Number of protein chains: 2
Amino acid sequence: MISLFIAEDQRMLLGALGSLLDLEQDMKVIGQALNGEEALTSILKLEPDVCLMDIEMPVLNGLEVAEELARRSAPSKVIILTTFARPGYFERAVKIGVHGYLLKDGEIDELADAIRKVMAGKRVFSPELTFDVIREENPLTPKEQEILRLAALGKTTKEITSELYLSSGTVRNYISEIIHKLDAKNRTEAAAIAGKKGWI
Amino acid sequence: MISLFIAEDQRMLLGALGSLLDLEQDMKVIGQALNGEEALTSILKLEPDVCLMDIEMPVLNGLEVAEELARRSAPSKVIILTTFARPGYFERAVKIGVHGYLLKDGEIDELADAIRKVMAGKRVFSPELTFDVIREENPLTPKEQEILRLAALGKTTKEITSELYLSSGTVRNYISEIIHKLDAKNRTEAAAIAGKKGWI
DNA sequence: CTAATAAGATGACATTTGTCACCTGATTTT
DNA sequence: AAAATCAGGTGACAAATGTCATCTTATTAG
């Protein structure tokens with residue numbers, strides 16, 4: 001019997017997945033969570049065989065949870081289950097060493113299969129991910145990401161300045177560099193591009 | 001027996017909802033679609049009692065489908081089932097006269113109940129929506145929305161100018177007005193605000 | 001030890017952006 | 001018919017943005 005934990009912030013999908021997987025004779029859902037923090041504490045306590053983990057969740061995101069589980073060498077295997085194939089997410093997940101990365105755009109039947117494969121020691125990845133543009137690495141440094149994140153909210157150079165304790169010239173230099181890297185023509189387009197790719 | 005149609009572009013949720021609702025003894029799922037266009041043609045042909053409809057779908061979005069169904073006075077009742085409570089969406093849905101508007105953040109159990117209520121002639125709305133900020137109307141005129149949509153992609157004033165055949169002064173006047181209405185301090189912040197509210 | 005890098009800063013400059021007051025023709029209202 | 005409204009437009013101005021070459025100071029690598 002495979003014990004499962006599901007972390008997913010969309011209640012309806014959480015409920016639906018839970019009910020359906022529980023119908024499989026060799027699986028049992030032993031816990032659920034609607035956000036990353038709950039998920040982390042419950043998983044550490046329950047030690048399920050496999051965790052299905054959404055990425056975009058409140059408080060702690062799924063990748064952060066997976067990272068923390070790895071750091072504490074928790075025994076549970078993690079399968080990331082997410083909507084979009086943002087390059088940055090996939091890249092990070094692979095680095096963390098998750099056991100699977102599936103898209104919510106796949107069939108549910110594939111999900112149960114994937115769980116069994118992971119239990120058998122294999123790793124499973126949605127085929128859409130393995131090739132493709134998806135593998136593009138995030139070209140932005142952490143500082144650049146931080147600055148672009150703020151710029152994307154419409155913060156002015158001056159506001160960024162005082163949040164990050166940098167001179168205004170420096171901030172503008174960073175933004176200039178970001179614009180170059182993303183082949184954009186201004187900070188707004190840079191934000192749009194990076195947003196779509198999951199780089200900020 | 002209530003006949004159902006489900007339109008939802010996230011394959012996993014579509015499958016999960018289909019399977020679960022089919023388990024209800026008084027319901028039968030007679031069709032599914034992954035995008036708005038398929039949904040529209042299938043619904044017109046199959047005439048299900050109730051359609052569950054996601055909003056953000058490829059080709060045609062759920063609100064557009066609902067609108068078209070209403071225009072052709074199709075007999076099927078529509079329940080919008082969406083992730084976020086964007087004010088603009090809800091406002092539009094109500095104007096179209098849909099029979100229900102539920103958030104994917106609700107429990108699945110509520111869904112089956114809602115379907116039965118709608119069949120009984122009632123209208124159902126997620127309680128989160130009925131009060132709240134959600135009722136904020138979109139303060140932007142269609143032209144303003146169009147301009148802000150372009151600005152949000154990082155297009156410059158000059159580019160917007162040549163896409164919409166307006167003078168650059170006019171575009172800047174519009175943007176200035178938009179910034180005022182949204183209480184932002186520049187076009188980027190205006191785009192962030194409007195995006196979050198579902199106004200563009 | 002010395003050279004190479006990286007993070008941050010300056011200053012100067014051309015553009016772009018945002019603001020505002022006011023103008024012009026249509027189209028509605030009254 | 002006169003007045004109001006609406007979509008667009010001008011022009012002028014200050015401020016913000018983007019670009020570049022150059023500089024300083026640590027830190028790191030050879």
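Here the structure is a predicted model, which is why all the values come from computation and not from measurement.
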Visitor: Please report the shortest heavy-atom distance between B/A190 and B/L148, naming the atom on each side.
Guide: O-CD2, 3.9 Å
Visitor: Among D/dA16, C/dT17, C/dC20, which nucleotide sits nearest the side chain of A/K158?
Guide: D/dA16
Visitor: For B/T170, which contact category applies under a 4.0 Å heavy-atom criterion: base, sugar-phosphate, or nothing?
Guide: base
Visitor: Base, sugar-phosphate alone, or nothing: which one does B/N186 contact when heavy atoms must sit under 4.0 Å apart?
Guide: sugar-phosphate
Visitor: Same hydrophobic cluster for A/L40 and A/I6, using side-chain heavy-atom links shorter than 4.5 Å among ILVMFWY?
Guide: no
Visitor: If I take atom NZ in residue A/K185 and atom P in nucleotide D/dG18, what distance separates them, rounded to the nearest angstrom?
Guide: 12 Å
Visitor: Quick one: which of D/dG9, C/dT10, C/dG18 gets closest to the side chain of B/I175?
Guide: C/dG18
Visitor: B/K143 near the nucleic acid: base, sugar-phosphate alone, or nothing, with a heavy-atom cut-off under 4.0 Å?
Guide: sugar-phosphate
Visitor: Distance check needed: C/dA7 P versus A/E144 CD, whole Å only.
Guide: 9 Å
Visitor: Expressed in angstrom and rounded to an integer, what is the separation of B/I147 atom CD1 from C/dT17 atom C1'?
Guide: 14 Å
Visitor: Between C1' on D/dG18 and CG on A/D183, what's the gap in Å once rounded to a whole number?
Guide: 15 Å
Visitor: Strictly below 4.0 Å: does B/S176 bring a side-chain N or O up to OP1 or OP2 of C/dG18?
Guide: no
Visitor: Any salt bridge linking B/R11 with A/E110? Criterion: basic side-chain nitrogen under 4.0 Å from a carboxylate oxygen.
Guide: no
Visitor: Under 4.0 Å: is that the gap between some side-chain N or O of A/R187 and OP1 or OP2 of D/dT17?
Guide: yes
Visitor: Atom CD1 of B/I179 and atom C1' of C/dT16: how far apart are they, to the nearest Å?
Guide: 12 Å
Visitor: Under 4.0 Å between a side-chain N or O of A/T157 and OP1 or OP2 of D/dT17?
Guide: yes
Visitor: By nearest nucleotide on DNA chain D, pick out whichever of A/K155 and A/G169 is the more 5' one.
Guide: A/K155
Visitor: Whole angstrom is fine here: how far is it from OH in B/Y174 over to P in D/dG9?
Guide: 8 Å
Visitor: Rounding to a whole Å, what distance do you find between A/N173:CG and D/dT24:P?
Guide: 16 Å
Visitor: Separation of B/L164 atom CG from D/dG9 atom P, in whole Å?
Guide: 11 Å
Visitor: Is the closest side-chain donor-acceptor distance between A/E56 and A/Y89 under 3.5 Å?
Guide: yes
Visitor: Is A/E163 salt-bridged to A/R149, going by a charged N under 4.0 Å from an acidic O?
Guide: no
Visitor: Below 4.0 angstrom from OP1 or OP2 of C/dT17, is there any side-chain N or O of B/T156?
Guide: no
